[in-house]
Amino acid sequence: MLDSERIRRDPSGTAQRLRDRGFDGDLAPIVELLATRRALQSEISRLRHALKLRNREVGALYRAGRREEAERLRAELKRSPDEVSDRERRMKAAAAELEQRLLHLPNLAHDSVPVGPDEAANVEIRRVGEPPQFAFEPKPHQELAAALGMLDVERAVKLSGSRFAVLPGAGARLERALARFMLDVQTRRHGYEEVWLPLLVSGAALTGTGQLPKFADDVFRVEGRDLYLIPTAEVPLTNLHAGETLLRSELPKRYVAFTPCFRAEAGSYGKDTQGLIRQHQFDKVELVKITEAERSYEELESMTRDAERILQLLELPYRVVLLSSGDMGQAAAKTYDLEVWLPSQGTYREISSCSNCEEYQARRARIRYREAPGRRSRFAHTLNGSGLAVGRTWLAVLENYQQADGSVRVPEALRPYLDGLDAFRLPAAQG
RNA sequence: GGAGGGAUGGCCGAGCGGUUGAAGGCGGUGGUCUUGAAAACCACUGACCCGACAGGGUCCGGGGGUUCGAAUCCCCCUCCCUCCGCCA
């Protein structure tokens with residue numbers, strides 16, 4: 001949520017920067033609602049004050065034993081018209097509509113973000129690692145995995161329909177190995193605190209991080225209840241401190257969680273229908289930081305490097321992309337995507353997204369901090385990043401480490417997590 | 001699922017419907033005393049909003065109601081606790 005004070009002070013400048021974010025709405029109603037709320041608020045405040053004094057007088061008269069005067073004043077007050085509640089109703093209505101409108105506005109982009117309508121305006125920051133050269137036609141991961149007995153699409157369809165997967169045997173082991181490896185790196189080497197979380201969260205939590213109210217179609221809701229399957233652990237992690245005022249000395253908070261993520265993928269029909277790129281359910285190791293305002297951009301750089309570390313250790317070629325104003329998620333002020341090389345597609349595909357949301361989520365979730373007890377509180381800055389999407393890492397390993405005979409080498413860094421296994425081999429080739 | 005009991009400031013805990021934004025304690029901050037510390041004593045110490053300041057308003061889990069006036073009375077909701085049932 002944006003600072004309404006900012007909108008009031010500079011409506012046209014804010015509107016321009018919102019247009020950079022792809023927001024085509026009009027700020028005029030918001031500006032008007034702000035003025036209405038403000039005027040009614042001060043009027044109510046004034047009326048209340050006057051009323052309060054007279055009500056107290058009744059009590060004082062009773063206590064002084066001046067019953068008759070007290071009764072007279074009481075009767076008078078009873079007869080006097082209610083000037084407050086009507087204004088209060090109008091004020092509440094204005095405030096509620098204002099709130100709804102504000103909740104739909106995206107964050108403003110940071111100055112360093114390229115302005116543009118879509119991914120065409122993104123800027124590549126760096127490339128790390130060389131795409132592997134194959135003396136044969138590299139296969140897509142779903143073919144490799146099916147042959148290796150690591151993926152069973154038919155049975156997944158039988159259980160749940162499209163965009164779900166069953167990973168038998170070695171497939172499941174690889175998924176678990178990757179998750180443990182990522183968690184170990186982020187907790188031991190980068191100092192994140194691991195947290196185990198609910199996978200179902202309230203609407204309030206989703207509103208706090210920005211998925212609601214605008215993107216209700218993207219999340220699965222439990223029938224008849226105010227509970228939703230998390231689309232990312234960013235939601236419970238960031239909301240851990242919702243409504244709290246932290247002390248500056250305890251910042252930054254650095255959290256990591258390994259969870260399944262659930263996405264309805266409404267509107268993505270026909271996109272990435274083959275393979276495991278786009279699923280309704282996937283595993284992810286998520287990083288979240290809560291920082292003081294002055295440090296958040298340093299923390300974004302280090303968080304991005306923390307995510308990159310996984311790709312480096314797995315020796316997967318990737319690039320870092322700075323998203324343009326039009327390509328970012330609604331809560332982000334600045335986002336770096338990490339894209340891993342996929343040989344079968346001959347291109348880089350998103351495997352992580354690291355964002356600084358500045359105050360946007362902190363305002364919605366009311367996450368504050370203060371310098372010291374007694375000092376004024378400020379909104380914290382929140383950051384989130386994948387470290388990494390496990391499912392996409394799984395398939396990137398298969399594709400990049402595939403051999404001519406259909407086997408897949410295991411990256412060195414992962415072998416300790418697979419009892420020293422050096423390759424996934426075809427059943428026929430085994431023994 | 002059934003039966004009870006709760007929700008008050010950073011924490012514990014009072015609170016006849018009328019100077020109660022809220023006693024008391026703990027904690028915290030400052031001071032006196034002390035070579036220093038502890039102890040003791042004194043003072044200060046909730047949040048949010050509007051305002052340059054003075055000041056004003058709101059907040060006792062959330063929402064509604066009764067009343068001239070609600071932390072205090074009534075209704076609904078949420079959450080927590082205890083016991084029973086069920087259960088990994």
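Proteins get letters first, then strands, A, B, ... in listed order; numbering begins at 1 in each.
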**Student:** Go through it in stages, so that I can follow the logic: the residues are A:Leu148 and A:Leu426, the test is side-chain contact (heavy atoms from CB on, under 4.5 Å), and I'd like the CA-CA distance, side-chain angles, deciding distance and then a yes or no.
**Tutor:** CA-CA 5 Å; A:Leu148 290 165; A:Leu426 296 168; 3.8 Å; yes
**Student:** When you compare B:C53 with B:C44, how far apart are their P atoms, in angstrom units rounded to a whole number?
**Tutor:** 24 Å
**Student:** Rounded to whole angstroms, how far apart are CG on A:Leu61 and C1' on B:U19?
**Tutor:**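 Roughly 13 Å, once rounded to whole Å.
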**Student:** What interatomic distance, in whole Å, is found between P of B:U58 and the corresponding atom of B:C26?
**Tutor:**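 After rounding to an integer number of Å, I get 32 Å for this pair.
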**Student:** Now, which nucleotide makes the Watson-Crick or G-U wobble pair with B:U67, with each of the two distances under 3.5 Å?
**Tutor:** none
**Student:** Taking any strand in view, what nucleotide pairs with B:C41 in a Watson-Crick or G-U wobble way, both distances under 3.5 Å?
**Tutor:** B:G31
**Student:** How far does the P atom of B:G10 sit from the matching atom of B:G56, given to the nearest Å?
**Tutor:** 23 Å
**Student:** Atom CG of A:Leu227 and atom P of B:U78: how far apart are they, to the nearest Å?
**Tutor:** 13 Å
**Student:** For A:Tyr192, is there any backbone N or O sitting under 3.5 Å from a side-chain donor or acceptor partner on A:His190?
**Tutor:**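 Such a contact is absent between A:His190 side chain and A:Tyr192 backbone.
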**Student:** Applying a 3.5 Å limit to both distances, which nucleotide forms a Watson-Crick or G-U wobble pair with B:A7?
**Tutor:** B:U78
**Student:** Which whole number of Å gives the distance between the P atom of B:A70 and that of B:G61?
**Tutor:**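 Roughly 16 Å separates the two P atoms.
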**Student:** About how many Å separate CD of A:Gln281 and OG of A:Ser160, when rounded to the nearest 0.5 Å?
**Tutor:** 8.0 Å
**Student:** Determine the Euclidean distance between corresponding P atoms of B:C73 and B:A7; express it in Å to zero decimal places.
**Tutor:** 11 Å
**Student:** Across the strands shown, which category fits A:Arg63 at heavy-atom distances under 4.0 angstrom: base, sugar-phosphate, nothing?
**Tutor:** sugar-phosphate
**Student:** Are A:Glu265 and A:Lys271 close enough for a salt bridge, meaning some N to O gap below 4.0 Å?
**Tutor:** no
**Student:** Roughly, in whole Å, what's the span from CD1 in A:Ile367 to C1' in B:A47?
**Tutor:**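 It works out to 18 Å between those atoms.
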**Student:** For A:Arg8 and for A:His49, locate the closest nucleotide of RNA chain B by heavy-atom distance; then report the residue assigned to the nucleotide nearer the 5' terminus.
**Tutor:** A:Arg8
**Student:** Atom CZ of A:Arg378 and atom P of B:A47: how far apart are they, to the nearest Å?
**Tutor:** 17 Å
**Student:** Pairing check on B:C83: which nucleotide meets the Watson-Crick or G-U wobble criteria with it, both distances under 3.5 Å?
**Tutor:**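 By the stated definition (distances under 3.5 Å), B:G2 pairs with B:C83.
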**Student:** Checking base pairs now: Watson-Crick or wobble, both atom distances under 3.5 Å. What partners B:C53?
**Tutor:**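 When the pairing criteria are applied, nothing turns out to pair with B:C53, so the answer is none.
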**Student:** Atom CZ of A:Arg366 to atom P of B:C48: distance rounded to whole Å?
**Tutor:**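 Atom-to-atom, A:Arg366 to B:C48, this comes out as 13 Å.
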**Student:** Quick one: label A:Ser377 by what it contacts on the DNA or RNA (base, sugar-phosphate, nothing), any heavy atom closer than 4.0 Å.
**Tutor:** sugar-phosphate
**Student:** Tell me whether A:Arg46 is salt-bridged to A:Glu83, with the criterion being a basic N under 4.0 Å from an acidic carboxylate O.
**Tutor:** no
**Student:** Could you give the distance separating B:A39 and B:G28 at their P atoms, to the nearest angstrom?
**Tutor:**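 Looking at atom P only, B:G28 and B:A39 are 10 Å apart.
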**Student:** Would A:Arg54 and A:Glu57 pass as an ion pair if we require N to O under 4.0 Å?
**Tutor:**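 Result for this pair is no, no salt bridge flagged.
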**Student:** Give me the distance, rounded to whole Å, that separates B:A22 from B:C75 when you measure between the C1' atoms they each carry.
**Tutor:** 26 Å
**Student:** Using atom C1' in both nucleotides, what's the gap between B:U72 and B:A3 to the nearest angstrom?
**Tutor:** 27 Å
**Student:** In this structure, how many angstroms lie between the C1' atom of B:G18 and the CZ atom of A:Arg56, rounded?
**Tutor:**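 From A:Arg56 CZ to B:G18 C1': 9 Å.
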**Student:** Please evaluate residues A:His381 and A:Glu359 with respect to the criterion side-chain contact (heavy atoms from CB on, under 4.5 Å), reporting the C-alpha separation (whole Å), side-chain torsions for both, the decisive distance (0.1 Å), and the verdict.
**Tutor:** CA-CA 5 Å; A:His381 282 197; A:Glu359 288 186 0; 3.8 Å; yes
**Student:** Under a 4.0 Å N-O cut-off, is there an ion pair linking A:Glu5 with A:Arg8?
**Tutor:** yes
**Student:** Given that both distances must come in under 3.5 Å, which nucleotide forms a Watson-Crick or G-U wobble pair with B:G17?
**Tutor:**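 Checking every strand shown, B:G17 finds no partner, since no pair has both distances under 3.5 Å.
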**Student:** Side chain of A:Arg48: nearest nucleotide among B:G21, B:G57, B:G18?
**Tutor:** B:G57
**Student:** Using the ring of each side chain (for Trp, its six-membered ring), is A:Tyr255 parallel, tilted or perpendicular to A:His241, with breaks at 30° and 60°?
**Tutor:**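 It falls in the parallel class, under 30°.
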**Student:** Take atom CZ of A:Arg370 and atom C1' of B:C48, then tell me their distance rounded to the nearest Å.
**Tutor:**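 Between C1' of B:C48 and CZ of A:Arg370: 11 Å.
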**Student:** Across nucleotides 59-73 of chain B, 5' to 3', mark each nucleotide with B, S or - according to how protein heavy atoms within less than 4.0 Å reach it.
**Tutor:** -----S---BS----
**Student:** If I take atom CZ in residue A:Arg37 and atom C1' in nucleotide B:C48, what distance separates them, rounded to the nearest angstrom?
**Tutor:** 13 Å
